[in-house]
Number of protein chains: 2
Amino acid sequence: MQDIDAIDRTILSILSQEARIPMKSLAGRIGLSRSATTERVSRLEKAGVIRGYRADIGQLEEGTIQAFLLVTLKRTPSIGVLDRLAGFSAVRKVSSVSGQLDLVVEVEVGSINALNELRNEVATMDNVEDLTTSIVLRRDIERS
Amino acid sequence: MQDIDAIDRTILSILSQEARIPMKSLAGRIGLSRSATTERVSRLEKAGVIRGYRADIGQLEEGTIQAFLLVTLKRTPSIGVLDRLAGFSAVRKVSSVSGQLDLVVEVEVGSINALNELRNEVATMDNVEDLTTSIVLRRDIERS
DNA sequence: CGATGCATCCGGCAATATGCCGGTTGCACC
DNA sequence: GGTGCAACCGGCATATTGCCGGATGCATCG
């Protein structure tokens, strides 16, 4: 009742992408009977591993623009930059990464103008060495 | 046909909480027949308002590694690359972007080895010109 | 005005999926 | 060997789905 084994992981990965799949099809994919599959799923639900099932709703607002700001800093870490980024409501996510880059900043703005302003703000921060802006043209894959 | 009316919004709010609810029950809650409800839902799906249905998974593994793969393609678009990316369960999100880059791929893997393998797979795809891997060292900001 | 097209709704029927249950198997433990 | 248990399977009655024909309201157009 306790382990999350390989089959459970398969179930979770399938359900996290296709939550409305019939139990019978799920059973077919993992090679178990329907009843065994149903039991596993309801165990996962009761154990709280599966918290629920959600429809993934696209953005209702038509005019929003998403973009990535790829930031290289002059020196790391940079608390100041992070604090200032956190101050922008357009900033959705900031990740510190390894390699040439230092920060990947995901933003969501209402217009190209807003993006340009944000870009300028970030580019002129003290510790920012380089900044590449990539506008999201299309969201090709998005999971959980 | 194109409006998202009050009924649609009700449908979305119910489905975003209980994605596996039978269409019949959903119909009962919003006061429409089952077939009309089904039609509305599938319209919302086709219009891309509903992107999919996801199981909401509680805490899974602790030791996962997240990374960005910054991909430059030889030519765009590239259906083949997208299809193959979709085949990797580690791939969480793929965005087509403007600028020097073409794709921003967000991945989540269990180990550095898995990341390297994935990186190699992607790097050797026909249409991939250049690939930069940036491992997420820290998630600094994350907003719903 | 009447005809046409269209979006939306309803209900019905066959096919499919689900809930529930009894029965089997493998395994650990005394 | 006997008992308890977790996990599996299949079957049957019931619920849900996919698919269809048909009704209704409404705008358009000759």
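Labels below follow one simple rule: chain letters A, B, ... track the order of the sequence lines, proteins then strands, and each chain is numbered from 1.
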Residues in side chain to side chain donor-acceptor pair (under 3.5 Å) contact with R34(A), at least two apart in sequence or another chain: none
End axis versus end axis in the helix from dC1(C)-dG30(D) to dC30(C)-dG1(D), the angle rounded to 10°, five pairs used at each terminus: 20°
Counterpart residues, side chain to side chain donor-acceptor pair (under 3.5 Å), relative to D83(A) (two or more places apart): none
Residue D126(A) excluded, over 12 heavy atoms near CG under 6.0 Å: no
Ion pair E106(B)/K93(A), N-O distance below 4.0 Å: yes
N/O donor-acceptor pair under 3.5 Å between S134(B) side chain and V97(A) backbone: no
Between dT14(D) (P) and R34(A) (CZ): distance, integer Å: 15 Å
Length of the line joining I30(A):CD1 and dC9(D):C1', which is rounded to integer Å: 14 Å
Residue list, salt bridge (Lys or Arg N to Asp or Glu O under 4.0 Å) with R29(A), at least two apart or on another chain: E18(A)
Sorted by number, the residues of residues 19-28 of chain B with heavy-atom contact under 4.0 Å to DNA chain D: P22(B), M23(B), K24(B)
Whole-Å gap separating C1' (dC8(D)) and CZ (R43(A)): 12 Å
R54(B)-S16(A) side chain donor-acceptor pair, cut-off 3.5 Å: no
Residues, nucleotides or ligands: over 12 heavy atoms within 6.0 Å of Q100(A) CD: no
Interatomic distance, R40(B) CZ vs dA7(C) P [rounded to whole Å]: 14 Å
Letter per nucleotide, 5' to 3', of nucleotides 21-26 of chain C [B base touched, S only sugar-phosphate touched, - untouched; heavy atoms, 4.0 Å]: ------
I11(B) CD1 to dT8(C) P, straight-line distance once rounded to whole Å: 12 Å
Donor-acceptor pair, side chain of S25(B) and main chain of I21(B), under 3.5 angstrom: no
Qualifying residue for side chain to side chain donor-acceptor pair (under 3.5 Å) with R119(A), from T133(A), T132(A), T124(A): T133(A)
Salt-bridge present (D102(B), R75(B); N to O < 4.0 Å): no
